Amino acid sequence: MLSPPAHWLPQASLDPLHLDWLKNAGIEVAILRLDQIDPLISGNKWFKLIEHLKAADRVGAAGIISLGGAHSNHLHALAAAGKRFGFRTVGLLRGHPQETATIKDLQAFGMQLHWLGYAGYRARHTAGFWAPWQAQYPDLLAVAEGGGGLQGAKGCKQLKTMVDDQLQDLGWSDHDGWWLACGTGTTLAGLVLAEAGKHPVYGALAVPEDHGVAQQVEAIIEEAGLSDPAYELLDASRGGFARVDPELIGFIEQCEQASGIPLEPLYTGKALLALRQQVEGGKFAPGTRLIFIHTGGLQGRRGFETQS
Ligand SMILES: *Cc1c(COP(=O)(O)O)cnc(C)c1O
């Protein structure tokens with residue numbers, strides 16, 4: 001069995017986020033701490049894996065083979081889950097062998113690694129890419145990069161329940177929408193499906209608009225057959241994925257000091273900065289209550305600090 005035992009229910013706390021710029025605008029935000037669901041497994045990537053693990057169980061697979069880069073949050077969550085629940089994991093990596101903090105963790109978690117080079121990795125969408133890997137690992141299920149698609153989105157639907165169950169503790173009878181970072185838009189799509197139009201989901205794009213996120217979200221929603229989705233995508237990429245500038249770094253430091261909550265610059269920091277810009281631009285009326293999802297990614301920050 002790859003699926004976690006029934007008693008393992010990851011829980012993330014929903015905490016009030018106290019920041020001056022929110023207070024000044026009369027906006028209340030509660031942050032869902034997916035960075036803290038488990039000592040080993042962190043962030044939205046776990047939720048994107050759930051349905052894939054169930055699928056692996058259905059076909060009797062002994063583990064999962066997937067791909068990512070040398071700082072990949074997806075491979076990290078997968079390897080951690082393999083370690084935690086005792087199934088085999090194989091990671092196909094972009095580029096040439098290097099020793100990042102993430103790679104060391106993957107090895108410590110027992111993930112078997114293969115480096116594909118850059119051209120080899122670019123071929124991942126071509127027909128026949130998986131054939132040799134499936135021949136080498138016939139008892140493993142292949143999961144596409146990032147664990148996306150409708151399967152990935154479905155596992156994120158439970159985030160709504162997690163928040164609904166905690167609203168009362170905050171003294172909130174309801175909220176006015178979700179705010180989260182988007183890379184592929186899979187996590188956002190899961191929330192849009194769970195909400196079915198009830199609360200809007202605002203996606204702060206960590207990648208430029210030409211990355212096709214809007215199309216991927218639409219495709220998932222269409223495949224699921226939802227007719228009246230409520231969501232909005234906003235550019236939060238600041239000129240490119242993983243591009244970092246002094247204003248962003250200063251903002252993250254300020255927010256960490258004021259709130260005590262760690263952020264990283266690729267996703268959560270950019271999403272929160274985009275929220276500040278929208279709040280200060282008057283997008284939300286005073287009294288608005290929003291849920292900000294901390295999607296994790298802190299493990300990848302270690303690599304970033306040594307790089308920059
Ligand atoms: C992968 C990731 C995202 C983006 O999730 P998608 O489902 O691809 O949109 C956001 N935040 C963090 C920290 C991530 O690792």
Side-chain angles (χ1 to χ4, degrees), residues 12 31-38 41-52 66-81 94 100-102 105-106 143-160 178-194 201-209 211-221 231-238 241-242 244 248 252 261-275 291-304:
I31 182 167
L32 184 68
R33 301 292 304 275
L34 299 187
D35 56 316
Q36 293 186 326
I37 52 171
D38 179 80
I41 308 171
S42 166
N44 64 330
K45 296 298 184 290
W46 161 253
F47 298 90
K48 295 171 73 172
L49 277 172
I50 293 172
E51 292 295 319
H52 294 290
S66 192
L67 355 80
H71 306 282
S72 168
N73 293 327
H74 162 65
L75 287 183
H76 198 273
L78 175 61
R94 175 174 56 229
T100 64
T102 305
D105 280 354
L106 299 183
V143 168
E145 193 181 34
L150 180 56
Q151 294 279 87
K154 276 186 178 162
C156 300
K157 289 169 77 172
Q158 59 177 274
L159 298 177
K160 174 173 160 56
W178 301 81
W179 191 281
L180 77 159
C182 290
T184 61
T186 310
T187 308
L188 170 129
L191 286 167
V192 171
L193 295 181
V201 188
Y202 301 97
L205 294 174
V207 297
E209 272 166 17
H211 275 225
V213 177
Q215 291 85 339
Q216 290 175 70
V217 171
E218 267 170 46
I220 293 175
I221 290 171
Y231 68 98
E232 184 180 335
L233 301 176
L234 305 99
D235 185 7
S237 70
R238 307 184 67 80
F241 179 61
V244 168
L248 174 68
I252 289 175
I261 296 169
L263 299 167
E264 45 68 55
L266 272 52
Y267 294 102
T268 48
K270 283 187 178 177
L272 194 60
L273 180 48
L275 177 60
I291 307 294
F292 180 93
I293 303 187
H294 193 312
T295 41
L298 298 171
Q299 71 81 23
R301 184 171 80 161
R302 300 169 303 175
F304 210 84

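Order of listing sets the numbers, starting from 1, for every ligand and every atom in it. Hydrogens, waters and symmetry mates are skipped; everything else that's a heavy atom, side chains included, is used. These numbers come from a predicted model, not from an experiment. In this chain, residues are counted from 1 in sequence order.
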Got the closest protein heavy atom to [atom], with its distance?
{"atom": "atom 1 (C) of ligand 1", "value": "Lys45 NZ, 1.4 Å"}
{"atom": "atom 11 (N) of ligand 1", "value": "Thr295 OG1, 2.7 Å"}
{"atom": "atom 7 (O) of ligand 1", "value": "Thr187 OG1, 2.7 Å"}

Next item on the list: Pick one of side chain, backbone, both or neither for how Asn44 approaches ligand 1, counting any non-hydrogen atom pair under 4.0 Å.
Entry: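 Side chain only.
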Notebook entry, point to check: Is ligand 1 under 4.0 Å from a heavy atom in the side chain of Thr184, in the backbone, in both, or in neither?
Noted result: both
Atoms in ligand 1 flagged as close to [X], the criterion being non-hydrogen separation under 4.0 Å:
{"X": "Gly185", "result": "6 (P), 8 (O), 9 (O)"}
{"X": "Gly297", "result": "13 (C)"}
{"X": "Cys182", "result": "9 (O)"}
{"X": "Gly183", "result": "4 (C), 5 (O), 6 (P), 8 (O), 9 (O)"}
{"X": "Gly296", "result": "13 (C)"}

Checklist line | Short side-chain to backbone donor-acceptor contact, Lys270 and Ser237, under 3.5 Å | finding: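 Present.
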Margin query: Under a 3.5 Å distance rule, please check whether Thr100 uses its side chain to pair with a backbone N or O of Ala70 as donor and acceptor.
Written below: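 Pair found, side chain donor or acceptor close to backbone of Ala70.
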Next item on the list: First locate atom CG of Leu34, then atom CH2 of Trp46, and finally report the distance between them rounded to the nearest 0.5 Å.
Entry: 13.0 Å
Margin query: Under a 4.0 Å threshold between the charged nitrogen and the carboxylate oxygen, would Arg301 count as salt-bridged to Asp35?
Written below: no
Note to self: Using the side-chain contact (heavy atoms from CB on, under 4.5 Å) definition, which of the options Val143, Ile41, Leu49 pairs with Leu78?
What the structure shows: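 So the option named by the test is Leu49.
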Next item on the list: Please check if the distance between the ring centroids of Tyr202 and Phe292 is under 6.0 Å.
Entry: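 Distance test on ring centres: not under 6.0 Å, no.
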Check: Does the side chain of Gln299 pick up a donor-acceptor pair with the side chain of Thr102 at under 3.5 Å?
Finding: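 Thr102 and Gln299 do have a side-chain donor-acceptor pair below 3.5 Å.
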Checklist line | Residue-ligand contact His74/ligand 1, heavy atom below 4.0 Å | finding: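 It does not, in that no heavy atom of His74 comes within the 4.0 Å cut-off of ligand 1.
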Checklist line | Arg238 and Leu273: CA distance, side-chain angles, deciding distance, side chain to side chain contact (heavy atoms under 4.5 Å, CB included) verdict | finding: CA-CA 10 Å; Arg238 307 184 67 80; Leu273 180 48; 3.2 Å; yes
Item checked: Nitrogen or oxygen of Asn73 less than 3.5 angstrom from that of ligand 1 -> yes
